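Right, one structure below, let's go through it.
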Number of protein chains: 2
Amino acid sequence: MGKRATIQDIAQKSGYSKTAVSFAFNAPEKISAEARDRILCIARELGYSPDPMARNFSKGRHMAIGFLLPQNPDKALGNPYTQAVIAAIAEVCQENGYVLSIIPPFRSSIPEAVKNAPVDGLITMGLYVDRNIRDALRGRCLPVVSIDGLEEDGFPSVGIDDEAAGYLQMNKVLGHGHRDIAVVSLPKTAYGKSKSDVTRRREAGYERALAEAGMSLSSILMVESSASYSGGKEAADRILSDHKPSCIVTMADIAALGVISSLSSRGISIPEDVSVVGFDGIEHTAGPVLSTIVQSASEKGRLSASMLFSAIGDDSLVTERKHIGFAFQEGATLRRIYGY
Amino acid sequence: MGKRATIQDIAQKSGYSKTAVSFAFNAPEKISAEARDRILCIARELGYSPDPMARNFSKGRHMAIGFLLPQNPDKALGNPYTQAVIAAIAEVCQENGYVLSIIPPFRSSIPEAVKNAPVDGLITMGLYVDRNIRDALRGRCLPVVSIDGLEEDGFPSVGIDDEAAGYLQMNKVLGHGHRDIAVVSLPKTAYGKSKSDVTRRREAGYERALAEAGMSLSSILMVESSASYSGGKEAADRILSDHKPSCIVTMADIAALGVISSLSSRGISIPEDVSVVGFDGIEHTAGPVLSTIVQSASEKGRLSASMLFSAIGDDSLVTERKHIGFAFQEGATLRRIYGY
DNA sequence: GGCAGTTACTAAACCGGTCAAGTAAAATCT
DNA sequence: AGATTTTACTTGACCGGTTTAGTAACTGCC
């Protein structure tokens, strides 16, 4: 790895000043065509192109935005829905000439990750913002957009109306005649501990739907699991060690796939013996189409990234929660109980 | 967005020098406990933490490595296998205190993306390195590791023995009695035009397997498609407009899923009517287990990232191709033709 | 011919840290 | 007690660009 030529080298060799070289690359109109040609020619000869670090430093911009992982990459990126959101964000980054950085916790610390992230803005997803994280974010003076975050966090946020979505999900299940229901919910640790996080909002929706059917939350079995394939499997095992419900409702498609895998391996057929309902709307899973709540990953990603870039651009950021749409997808994994 | 405090501000307010402040943060042993406490206290008060850009600039490191996308994010990240590799790379990045940047083409130009990428090293995957890209890479003086690249590119490379894998894949198909075979291969544009790229190596393996069965490459239908769900669907459509083969072999699982979707929607059952074989070994697809060649995404990602970090560390990089293992996965989508 | 405006360029400040070299005072050694 | 080492800190160069403020030469105008 030889060392690179610097703007100085080009200036010297061409007989022009550093400024002239800079102009040759960035502001052709501020320099004569003759000088420009000469400089660019010598630059090509020496294999010079402006150092992105130095350029970014002097411009005060990183030309990168960050996607802050609330957990280790294997966990956080193990969810296809998260990956789909990231893909959408990456798309918007490209349109803006930016790069997307995946920011994992730094030595197990999210605040440290925030302090060191070489980015101009951050997108969080499913992050519970505690005091330390908040301080780190404030300390960076960076625009932040949260996906599935809390309004109370004070950041602009993108998400769905989780209460309504929870209601719709449970309402569909009840409408199909199910009464013996188990729910695979999300872990408190990763998605927040405060009262109005995603899980709580969805649970509120469940409660409302159940109430309309004369039931209550306490009448269903509720287990926590990470939003992952293995988490879903384990959750199913725990549920089945209790009893076999007629429907298992999950808060993440990837967990639903794990549930399905666990059921299948026990010879339990879906949806005949046990129905399964997911949440998210991940794609390309082959097999039976999952009955699930669909919330567009690309819409979530694109909208959050757009909001972030407009904040980076004009320095004004609304602290508002924007809702995107959602819908129930009739799949093959939810059975209608006849005679109900 | 107020402006951040600088090291100067802390120095002034605390009565110490910039260096002392720097030491307080980075080299506690070079400063008295008293001074350290005082400085850190004032820093906390003013919400100061060292600016990562300035720190990186003066250290000459970005603390980021890049994953160079050969196509737009939606295409490149639409493949679950790619995402799994990225997740594995991100894992290694975390262990090294680095960040992983997704580098899309910059205004449709990969060389421009390379020139501007704020990273200390690059990993490419399935990239065809033309002259311009090579020059850009050389110009950056960055360590590069290629996944599924060419030996001729001169970069250290990670991949499987694609000839052997192609042979194994086709051999299994032939061994199951299939003779009417269609292949969904990868696009030349994205994966290379030169003779010994991934596609060509696998084709060579096909040819060898076919030859052993007294057949040749020309006796099978070969269509190109992008390594994507929709690409697989379209490829299946093109194949079926020709005739209905007994087995469709693909070079990417995600394309196989697209093929399956196309077949299913026509009422063609798998594997009874048409068998499908994939390549990669993506996970969590629910549905029938795909018969496929499994090459560990996490091994590929981890190995390539490890190689890159060792190059970043000690400045010595072998220009060697490392092979990881692969295996055939007996799934439910490949039918044995009895009486053969 | 003198003045304003334009063109083409340059010198030097600046971004915010790190770090090598240097200094003064205190501690240790002989 | 004087020489040496150690401790605790500071000064200032440096990373490689961008950008502001300027200058000198040239152009156009009356």
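These figures come from a predicted structure and were not determined experimentally. Letters A, B, ... mirror the listed sequences (proteins, then strands); counts begin at 1. Side-chain atoms are counted along with the backbone in the values below, which use heavy atoms only and exclude waters and symmetry mates.
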Using heavy-atom distances to pick each residue's nearest nucleotide on DNA chain C, tell me which of A:I31 and A:K18 is more 5'.
A:I31
Please report the closest heavy-atom contact between B:L77 and A:A90, naming both atoms and the distance.
CD1-CB, 3.9 Å
Which nucleotide wins on minimum distance to the side chain of A:I7, given the candidates D:dT18, C:dG17, D:dT19?
D:dT18
Separation of D:dG16 atom C1' from A:F23 atom CZ, nearest Å, is 16 Å
Which of the following nucleotides, C:dC9, D:dT19, C:dG17, is nearest to the side chain of A:Y16?
C:dC9
Over all strands shown, is B:Y48 touching base, sugar-phosphate only, or nothing at heavy-atom distances under 4.0 angstrom?
sugar-phosphate
Could you check how far NZ of B:K30 sits from P of D:dT10, rounded to whole Å?
15 Å
With heavy atoms under 4.0 Å as the rule, sort A:S32 into base, sugar-phosphate or nothing.
sugar-phosphate
Under 4.0 Å between a side-chain N/O of B:S22 and OP1 or OP2 of C:dT18, yes or no?
yes
Integer-rounded Å distance: C:dG16 P and A:R61 CZ
15 Å
Of the candidates C:dG16, D:dA8, D:dG17, the side chain of B:T6 sits closest to C:dG16
Salt-bridge criterion met for A:R302 and A:E95 (N-O under 4.0 Å)
yes
What is the distance, rounded to the nearest whole Å, between atom CD of B:Q8 and atom P of C:dG17?
9 Å
Between atom CD in B:E29 and atom P in C:dC19, what is the gap in whole Å?
12 Å
Between the base of D:dC15 and the ring of A:F57 - centre-to-centre under 5.5 Å, planes within under 30° - is that a stack?
no
Report the nucleotide, chosen from D:dT10, D:dC15, D:dG17, that has the shortest atom-to-atom distance to any side-chain atom of B:S58.
D:dC15
So what does A:N26 hit on the nucleic acid, given a heavy-atom distance under 4.0 Å: a base, only sugar-phosphate, or nothing?
sugar-phosphate
Distance criterion of 3.5 Å, no angle test: do you see the side chain of A:T19 paired donor-to-acceptor with the base of D:dT18?
no
Is the closest side-chain heavy-atom distance between B:P52 and A:R140 below 4.5 Å?
yes
What is the separation between atom CD1 on B:I10 and atom C1' on D:dC9, rounded to the nearest whole Å?
18 Å
Would you call A:D148 and A:K300 a salt bridge, using N to O less than 4.0 angstrom?
yes
Among the nucleotides C:dC9, D:dT10, C:dG17, whichever has the atom closest to the side chain of B:S17 is D:dT10
Whole angstrom is fine here: how far is it from CZ in A:F25 over to P in C:dC9?
16 Å
D:dG16, D:dT11, C:dG16: which one has an atom nearest the side-chain heavy atoms of A:A54?
D:dG16
With respect to the side chain of A:D51, which nucleotide from C:dC19, D:dG17, C:dT10 is positioned closest?
D:dG17
How close or far is atom P of C:dT18 from atom CE of A:M53, stated in whole angstroms?
13 Å
CG on B:L69 to CE on B:M125, rounded to 0.5 Å:
10.5 Å
Mind checking the CG-CD1 spacing from B:L303 to B:I147? Nearest 0.5 Å is all I need.
8.5 Å
